[in-house]
Amino acid sequence: MLRFFSAGESHGPLLTVLLDGMPAGLELIASRDIDPWLKRRQGGYGRGRRMVIESDQARIVAGVRKGYTSGAPVSLEIENRDWRNWQKIMSAEPNNEPIKKELTKARPGHVDLAGGIKYGHKDLRNVLERASARETASRVAAGAMAYRILETVGIKGAARVVNFAGIPCDSGMDWDNLKKLDKSPLRSFDKKAEAKIIEKIDLAKKNGDTLGGIIEARFSNVPIGLGSHTQWDRKLDGRLAQAAMSIQAIKAVEIGDGWQGAVNLGSEVHDAIYYDDQYYRKTNRSGGLEGGVTNGSELVIRAAMKPIATLMKPLETVDVKTRQKADAARERSDTTAVPAASIVLLMMSSIILADALLEKFGSDTIREIETNLANYKNYIKEY
Ligand code: EPS
């Protein structure tokens with residue numbers, strides 16, 4: 001079972017990641033396999049000044065020796081460079097510093113108020129420091145390690161943006177040119193939509209507002225039979241949806257045609273089955289999942305990200321110390337982080353998919369997984 005935990009505040013010294021259940025014998029080199037994903041997460045048009053300060057790198061401190069996993073839990077750290085500026089404010093030791101950066105004007109859309117009430121804080125910084133999207137760097141580091149498992153057995157993944165603040169930017173999937181996504185400031189293949197979207201982001205920034213969008217994680221060459229229809233909590237669509245919904249600012253998730261399936265006729269929604277030496281489909285409206293089990297088609301997960309809740313032109317709120325009407329707190333933030341969120345979605349989905357893969361093909365060594373998968377593929381040929 002692949003499980004991960006993380007700890008760390010947005011302006012604390014570092015983020016800590018622990019990934020338990022990594023098979024042994026997997027080649028894993030942080031600078032090659034993890035850091036490029038961390039860099040992708042930092043990118044995208046519309047990001048704020050924090051991303052100028054940070055240059056995220058993973059330092060593996062356990063579970064890997066001479067470039068290979070040992071089967072022990074893998075643990076790593078990502079330094080917060082910004083910590084330099086927050087040492088006294090975020091110190092774990094008591095000190096006599098006056099309280100700076102206290103946050104009492106709860107921001108609507110963030111967990112500030114509910115979290116403050118729940119955990120008994122009037123300085124809402126105690127809530128926001130952990131709720132911050134900085135935590136997604138931990139998810140990406142864990143996901144990048146899970147993605148190594150997928151990659152090793154030939155599964156490929158891609159993350160892109162398909163709609164930015166109401167402007168469609170889905171010109172179709174292009175597996176042969178994934179580098180274009182890294183080069184695009186919006187993580188989109190759709191060059192035509194780019195200028196219009198950038199204009200919209202600039203305008204939102206000027207107006208002290210923020211923007212959301214629709215992101216996609218997609219996997220090709222996924223074996224048939226991951227997940228199970230036999231019990232509710234083993235269905236892979238459910239497990240993927242939980243992982244996606246847990247990402248900061250995500251408000252909806254769909255697999256394949258998703259919401260559109262509620263509108264179309266059954267004959268327009270389901271994918272007819274054919275056989276020619278192997279089973280195949282001409283369409284993939286199901287997004288690669290039927291009954292919570294992968295069916296061999298590309299796995300397509302989409303999620304809706306709401307606009308970031310920190311507004312430079314703030315909404316009305318209440319100061320939790322005075323209970324007086326106030327403008328919501330302003331913190332350094334992004335105008336939008338939709339491209340970055342697509343990376344987080346891909347990496348979270350990778351953890352779930354890798355977990356399902358280990359469940360089916362063994363989990364002690366990567367060799368065992370490869371052998372079992374090869375045998376299974378032979379079995380499918382005869383089915
Ligand atoms: C982020 C880190 C945060 C924000 C942003 C994304 O850092 P800071 O608060 O120091 O600027 O830039 O987070 C949010 C917008 C949010 O609402 O939490 C990151 O590492 O992605």
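All residue numbers in this chain count up from 1 along the given sequence. First listed ligand is number 1; within each ligand, the first listed atom is number 1.
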Please report whether ligand 1 has a polar contact with Thr136, defined as an N or O pair separated by less than 3.5 Å (distance criterion only).
no

When distances are taken from atom 3 (C) of ligand 1, the protein heavy atom at minimum range is Ser132 OG, 3.9 Å

For ligand 1, indicate whether the residue Arg50 contacts it via side chain, backbone, both or neither (heavy-atom separation under 4.0 Å).
side chain

Mark the output for Arg47 as yes if a heavy-atom distance to ligand 1 is under 4.0 Å, and as no if none is.
yes

Looking only at protein heavy atoms, identify the closest one to atom 5 (C) of ligand 1 and say how far it is in Å.
Asp334 OD2, 3.5 Å

Using side-chain contact (heavy atoms from CB on, under 4.5 Å) as the criterion, list what pairs up with Ser349, not counting sequence neighbours.
Ala217, Phe219, Leu240, Ile301, Leu345

Do any heavy atoms of Ala337 fall under 4.0 Å from ligand 1?
no

Nearest non-hydrogen protein atom, atom 11 (O) of ligand 1
Arg332 NE, 2.9 Å

Could you tell me whether the side chain of Lys200 and the main chain of Ala165 form a donor-acceptor pair under 3.5 Å?
yes

So is His110 close enough to ligand 1, meaning a heavy atom under 4.0 angstrom away?
yes

In terms of residue, atom name and distance, what is the protein heavy atom nearest to atom 15 (C) of ligand 1?
Ser333 OG, 3.1 Å

Give a yes or no on whether the backbone of Ala106 and the side-chain of Thr317 come within a donor-acceptor separation of less than 3.5 Å.
yes

Of Arg134, Glu129, Glu331, the residue with the heavy atom nearest atom 1 (C) of ligand 1 is Arg134

Distance-only, no hydrogens or angles: does the Asn284 side chain make a donor-acceptor pair with backbone N or O of Glu298 under 3.5 Å?
yes

Is there a heavy atom of Arg49 sitting under 4.0 angstrom from any atom of ligand 1?
no

Phe361 and Asn372: which non-hydrogen atoms are nearest, and at how many Å?
O-ND2, 2.9 Å

Does ligand 1 have a heavy atom under 4.0 Å from the side chain of His11, from its backbone, from both, or from neither?
side chain

Counting non-hydrogen protein atoms only, what is the nearest one to atom 16 (C) of ligand 1? Give residue, atom name and distance.
Ala133 N, 3.7 Å

Using a 3.5 Å distance criterion without hydrogens, assess whether the side chain of Arg187 forms a donor-acceptor pair with backbone atoms of Ala159.
yes

Residue-level breakdown please: for Arg41 versus ligand 1, do any non-hydrogen atoms fall below 4.0 Å on the side chain, on the backbone, on both, or on neither?
side chain

Just do the side chain to side chain contact (heavy atoms under 4.5 Å, CB included) check on Leu353 and Leu236 with the steps written out, would you?
CA-CA 8 Å; Leu353 198 56; Leu236 197 65; 4.0 Å; yes

Suppose I only count heavy atoms of Met51 and a 4.0 Å limit; which atoms of ligand 1 are within that range?
1 (C), 19 (C), 20 (O), 21 (O)

State the atoms of ligand 1, each with its element, that fall below the 4.0 Å cut-off from a heavy-atom position in Ile308.
15 (C)

CG of Leu76 to CE of Met145: how many Å apart, nearest 0.5 Å?
4.5 Å

Between Asn163 (side chain only) and Ile214 (backbone N and O only), is there a donor and an acceptor less than 3.5 Å apart?
no

Using the side-chain contact (heavy atoms from CB on, under 4.5 Å) criterion, which residues pair with Thr230? Sequence neighbours excluded.
Ser228, Arg234

